[in-house]
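Atoms considered below: every heavy atom in the structure, side chains included; atoms not considered: hydrogens, waters and symmetry mates.
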Amino acid sequence: ELSRRREASLHSHVWPETTGNFARSLRVTFTGLFFGVAFIGGLTLLSLFVPPLAIVTVPLKFYAAALVIAWDLLDYPLAFRGAGVRDRLTFFGKNFLAVSGLGLACGALMLIPGLGLLLLPIGVVAATDLVVRSEGRA
């Protein structure tokens, strides 16, 4: 609902209600989960076997978590557009710096205890802004 309201306030195309595609939703969710777990798990194993690398792996794990957060927040506006995994990966590639900024900002704010509850609606609105502006409609 927040994403739809934000798109309307930006005078963007109002997307019709979707009945939902359960299979697409599962693919999108598991893709983000798979890459997040694989990358963070790999970095964790690397730092366990070579502890001095933790100086590099810890920031990389935070960055990977930030990208997963952005992936989840962007699910709201991209789902309205019927975007599957391939479309979302294309969106990430074309808007990588903006997506990284969204994820890093949200990830940093989530380090503050209790702020995550307030951050979700703010993050959804920010993700909607990013998608609409990337389409050149705002």
Side-chain angles (χ1 to χ4, degrees):
E1 182 65 26
L2 281 175
S3 189
R4 288 187 186 281
R5 286 184 183 184
R6 183 61 183 154
E7 285 201 26
S9 72
L10 291 172
H11 307 293
S12 176
H13 174 76
V14 178
W15 298 91
E17 284 288 329
T18 56
T19 57
N21 183 331
F22 185 69
R24 181 182 62 224
S25 180
L26 279 179
R27 282 192 304 273
V28 167
T29 300
F30 284 124
T31 298
L33 184 63
F34 172 76
F35 282 112
V37 168
F39 196 71
I40 293 171
L43 289 172
T44 300
L45 287 174
L46 189 59
S47 63
L48 283 175
F49 290 117
V50 188
L53 286 179
I55 197 164
V56 175
T57 59
V58 170
L60 286 176
K61 286 192 281 186
F62 180 78
Y63 184 63
L67 290 178
V68 171
I69 291 168
W71 180 268
D72 286 341
L73 291 174
L74 287 164
D75 182 49
Y76 295 94
L78 293 177
F80 295 144
R81 290 154 174 78
V85 172
R86 210 172 273 147
D87 298 328
R88 291 164 193 248
L89 290 172
T90 300
F91 179 85
F92 258 61
K94 288 181 179 178
N95 302 287
F96 192 73
L97 290 177
V99 168
S100 294
L102 172 68
L104 288 170
C106 290
L109 290 171
M110 283 186 167
L111 292 174
I112 301 169
L115 198 57
L117 293 172
L118 296 173
L119 185 62
L120 180 61
I122 295 167
V124 168
V125 169
T128 303
D129 274 12
L130 193 150
V131 171
V132 170
R133 293 177 195 285
S134 74
E135 293 173 336
R137 292 194 182 127

Answer yes if M110 and I112 sit in the same cluster of Ile, Leu, Val, Met, Phe, Trp and Tyr residues linked by side chain heavy atoms under 4.5 Å apart, and no otherwise. yes
Taking atom CG of L102 and atom CG of D129, what is their separation to the nearest 0.5 Å? 10.0 Å
Would you check if R88 and L74 make a side-chain contact, meaning some heavy-atom pair closer than 4.5 Å? no
How long is the straight-line distance from OG1 of T128 back to CZ of R133, given to the nearest 0.5 Å? 11.0 Å
ILVMFWY network linking L60 to I40, side-chain heavy atoms under 4.5 angstrom: no
Contact summary for F91 and S134, nearest pair of heavy atoms: CE1-OG, 3.1 Å
Taking every heavy atom of L73 against every heavy atom of V124, the minimum-distance pair comes out as CD2-N, 4.0 Å
To the nearest 0.5 angstrom, please state how far the CG atom of N95 sits from the OG1 atom of T90. 10.5 Å
Rounded to the nearest 0.5 Å, what separation is found between the OG atom of S25 and the CG atom of D75? 6.0 Å
Tightest non-hydrogen contact, residues L46 and L53, listed as CG-CD1, 3.8 Å
Working to the nearest 0.5 angstrom, can you tell me the gap between L119 CG and I69 CD1? 8.0 Å
With a 4.5 Å cut-off on side-chain heavy-atom distances among I, L, V, M, F, W and Y, is there a chain of contacts connecting L111 to L104? yes
CG (L26) and OG1 (T31) are apart, to the nearest 0.5 Å, by 10.0 Å
Taking everything shown except I55 itself, do over 12 heavy atoms lie less than 6.0 Å from its CD1? no
Determine whether Y76 and V131 make a side-chain contact, defined as any pair of heavy atoms from C-beta on separated by less than 4.5 Å. no
For Y63, does the OH atom sit with more than 12 other heavy atoms under 6.0 Å from it, leaving out its own atoms? yes
Within the distance-only criterion (no hydrogens, no angle test), does the side chain of W71 pair as donor or acceptor with the backbone N or O of V28 below 3.5 angstrom? yes
Compare every heavy atom of K61 with every heavy atom of S47, then report the nearest pair and how far apart it is. OG-NZ, 4.3 Å
If every non-hydrogen atom of A54 is compared with every non-hydrogen atom of P59, which pair is closest and at what distance? O-CD, 4.0 Å
F39 reachable from F62 in the ILVMFWY side-chain graph, under 4.5 Å edges: no
Treating Ile, Leu, Val, Met, Phe, Trp and Tyr as nodes and any side-chain heavy-atom pair under 4.5 angstrom as an edge, say whether V58 and L43 lie in one connected cluster. no
Write down the atom of V68, the atom of G36, and the distance for their closest heavy-atom approach. CG2-CA, 3.6 Å
